[in-house]
Amino acid sequence: MSYIQGETGDWEIVIGLEVHAQVTSKAKLFSGAATEFGAEPNSQVSFVDAGFPGMLPVINDYCVEQAVRTGLGLRAEINNFSVFDRKNYFYADLPCGYQISQYLQPIVGKGEIVLDLADGASRTVGITRLHLEMDAGKSMHDQHPSKTYVDLNRSGVALMEIVSEPDMRTSEEAGAYLRKLRTILRYLGSCDGNMEEGSMRCDCNVSVRKPGAPFGTRTETKNVNSIKFVMAAIEYEARRQIEILEEGGSIKQETRLWDTTKGLTRAMRSKEEAHDYRYFPDPDLLPLVLDPAWVERIKQTLPELPDDKKQRFITDYKLSPYDAGVLVAEQAKAEFYERVAKGRDPKLASNWVTGDFFGALNKAGKEIGSSPVSAEALGGLIDLIADNTISGRIAKDVFEEMFASGKSAAAIVEEKGLRQVTDTGAIDAAIEAVMAKNPDKVAEFRGGKDKLFGFFVGQVMKATAGKANPALVNEILKKKLG
Ligand code: ADP
Ligand code: MG
């Protein structure tokens, strides 16, 4: 358990997250209008989305399918009977005066997400529910000095609201939760997980308590749009609440905003209660009834999910949970790894993929799709290490050259004459030369200064420009010095 130290002792943070994930769909939840990101304001709005009287919503079954896929991916109960409700409130960007959402009977019930933590450990967080709802439009306050404009392009876009149990205890766990949820959504293809474009937004519910005490009053920080900001908002909010409580105050249940530039949360409004919204079933929509056979067919088409892939990598390739976790974080990474590992030492392949390869991509700001080194090319390099053509040390230089030039490992090794020296005669000669140059060190070593062995290895490698086979150097050195 990790606690926060306050004036009066330890405090525990309690965190529950509500994520709004935009369904990857070309059309909206209840209309045929387009959903493409970045379009001209109000160019993707149907009469339904604009709330014209008498317009009837028609459910988009593709969006329903994505909600079911996501529910299955979260190992959650699928409710074959669910209901759309009107959530009533007034706002300029909500032309109907209500949002169509699901309240008491959501399409997906309890599920879970397994977090992969930094030390390779894992932890399970409960999912309370997932429901479908429409997005609202967007007020634009920065277009005119005294007027606010409204863009309704987002109005009616399908969202999955995914609510977690208050199971997280640190901002790191909240970060791991969002990364894992995003990974699952991307594997399923039901949401692109793109937080910068607003296709994944997070409301952070935070409270603090003394260890073992009942849950405290929470605040909800709305619409945070990056994992880094979610973690910062939680840290800030926890410290703010602890300070108030330690001064004898109490926490107001309220909705807050994250101020990105100042790095703090600010009160926005007192928290509304469910009854403020006057929820009632939308009379324009029938209850949503799913055919269990249809749900079963969707289940059959799910891809191998990250947890299963991770387990397979640990079992089949004998990778550590940490390495397996890194590799399955993106489907493209896992696929790349499996192509490299095919017919090769899986551990060596994992070291190269997660080490030099990901490092180089990161540094170059490139995605796997645009990597100058293909899986086959990286495999070729590993083959040259495995058959002793080059040493692991030289391979690092060859890799850099491959990444810069796109050439194959074999071509670079030939061009630069980097073949490893395995000819014992040549290694013998290099060792004799080093010993002849350092008679005092040889005497010291023979007098018991074992640590000098490394010095001799280093000198021989230097004399052979790093090309001597290290195992042979060790073996022959031992004989000659002994
Ligand atoms: P609302 O619709 O009012 O936001 P919900 O019950 O839908 O309420 O969601 C509440 C969210 O707050 C959930 O993610 C839940 O885990 C979390 N939560 C509930 N109680 C606490 C608490 N005491 N501290 C922190 N988070 C909490
Ligand atoms: Mg909420």
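One-based numbering along the sequence shown. All figures in this text were calculated on a predicted structure; none of them were measured in a lab. Indexing begins at 1, ligand by ligand and atom by atom, following the structure's order.
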Under 4.0 Å between heavy atoms, the region of V163 that gets near ligand 1 turns out to be side chain

Which ligand 1 atoms are under 4.0 Å away from a heavy-atom of V14?
24 (N), 25 (C)

Pi-cation contact, W258 with K222 (under 6.0 Å, within 45°)
no

Electrostatic pair D284-R86, nearest N-O below 4.0 angstrom:
yes

Would you say I15 and ligand 1 have an N/O pair spaced under 3.5 Å apart?
no

Contact partition for E165 relative to ligand 1, non-hydrogen atoms under 4.0 Å
backbone

Evaluate the side-chain hydrogen bond (donor to acceptor under 3.5 Å, both in side chains) criterion for residues T217 and Q253: first the C-alpha distance (whole Å), next the side-chain angles of each, then the deciding distance (0.1 Å), finally the verdict.
CA-CA 6 Å; T217 303; Q253 180 159 336; 5.7 Å; no

Just going by heavy-atom distances, which of S207, G126, S164 is nearest to atom 16 (O) of ligand 1?
S164

Can you sort out which atoms of ligand 1 are near G216, meaning under 4.0 Å from one of its heavy atoms?
23 (N)

Can you list every ring-ring contact (aromatic ring centres under 6.0 Å, His included) pair that touches residues 41-77, not counting sequence neighbours?
F47-F52

Counting only heavy atoms, which portion of T217 has something under 4.0 Å from ligand 1: side chain, backbone, both, or neither?
neither

Is R186 paired with E330 through a side-chain N to carboxylate O contact shorter than 4.0 Å?
no

When you check the side-chain N and O atoms of E254 and T219, is any donor under 3.5 Å from an acceptor?
no

